[in-house]
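Excluded from the calculations below are hydrogen atoms, water molecules and symmetry mates; all remaining heavy atoms, backbone and side chain alike, are included.
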Amino acid sequence: MALRWADAEGAPASRSYTEAEQLQLVPWLAAVALDLAERGLITVQEAQDTFPVSSGTILTDTERQEVLVDPANWLWKPSSPRRFNLSSPEAVREQWLNDAYPTADTGGLPTWGELSVAQREVLVCAAEASGMLTGPFGI
């Protein structure tokens, strides 16, 4: 992908993974998911119907391992008789979000009254742009 973005000569063409390539990733994905589940960072639940709503029944360790190592559960097919959701407990989700979006240290920044009119206008415009000008990927 980096080669394509750099317009490098001979970069491989953009394409999706084939089913065979996806299946080759299953053991690695299963090992990671099992490790996360064993550490209490994710849960594996059987989904109800076709909606991504968990049944509330968390699988046993044995069931979880069987589900995660079965390649059929990693490739989405509309006709699959059973579906499973991976989710994280709320405390884990909060921790991940806090790590991804840490609270900014605003110490040392000028107060509103210390800003010039032009600086205030830029600040207001940036805020009204809903983060388009500021934030992790902005200025």
- Query: Any side-chain heavy atom of Arg4 within less than 4.5 Å of one from Asp7?
  - Reply: no
- Item | Glu38 side chain reached by Arg64 side chain, heavy atoms, under 4.5 Å | yes
- Query: Looking at residues at least two apart in the chain, or sitting in another chain, which of them share a side-chain hydrogen bond (donor to acceptor under 3.5 Å, both in side chains) with Arg93?
  - Reply: Glu90
- side-chain hydrogen bond (donor to acceptor under 3.5 Å, both in side chains) with Asp70: which residues, sequence neighbours excluded? none
- Message: For Val26 and Gln22: C-alpha separation, side-chain torsions, deciding distance, then whether side-chain contact (heavy atoms from CB on, under 4.5 Å) applies.
- Response: CA-CA 7 Å; Val26 168; Gln22 292 175 50; over 6 Å; no
How far apart are the closest heavy atoms of [X] and [Y], and which atoms are they?
X: Gln65; Y: Leu34; value: CA-CD2, 3.8 Å
X: Pro89; Y: Leu41; value: CD-O, 3.5 Å
X: Ser87; Y: Gln45; value: OG-OE1, 3.9 Å
X: Val67; Y: Asn73; value: O-ND2, 2.9 Å
X: Phe84; Y: Glu46; value: CD2-CA, 3.7 Å
X: Leu68; Y: Ala30; value: O-CB, 3.1 Å

- Query: Taking atom CH2 of Trp5 as the centre, does the number of heavy atoms from other residues, nucleotides or ligands within less than 6.0 Å exceed 12?
  - Reply: no
- Message: According to a hydrophobic-cluster definition based on side-chain heavy atoms being under 4.5 Å apart (Ile, Leu, Val, Met, Phe, Trp, Tyr only), do Val44 and Trp28 belong together?
- Response: yes
- Flag yes if Trp112 and Val117 sit in one hydrophobic cluster, no otherwise; membership is Ile, Leu, Val, Met, Phe, Trp, Tyr, and two members link when side-chain heavy atoms are under 4.5 Å apart. no
- CG on Asn98 to OG1 on Thr103, rounded to 0.5 Å: 6.5 Å
- Roughly how far, to the nearest 0.5 Å, is CG of Leu115 from CD of Glu121? 11.5 Å
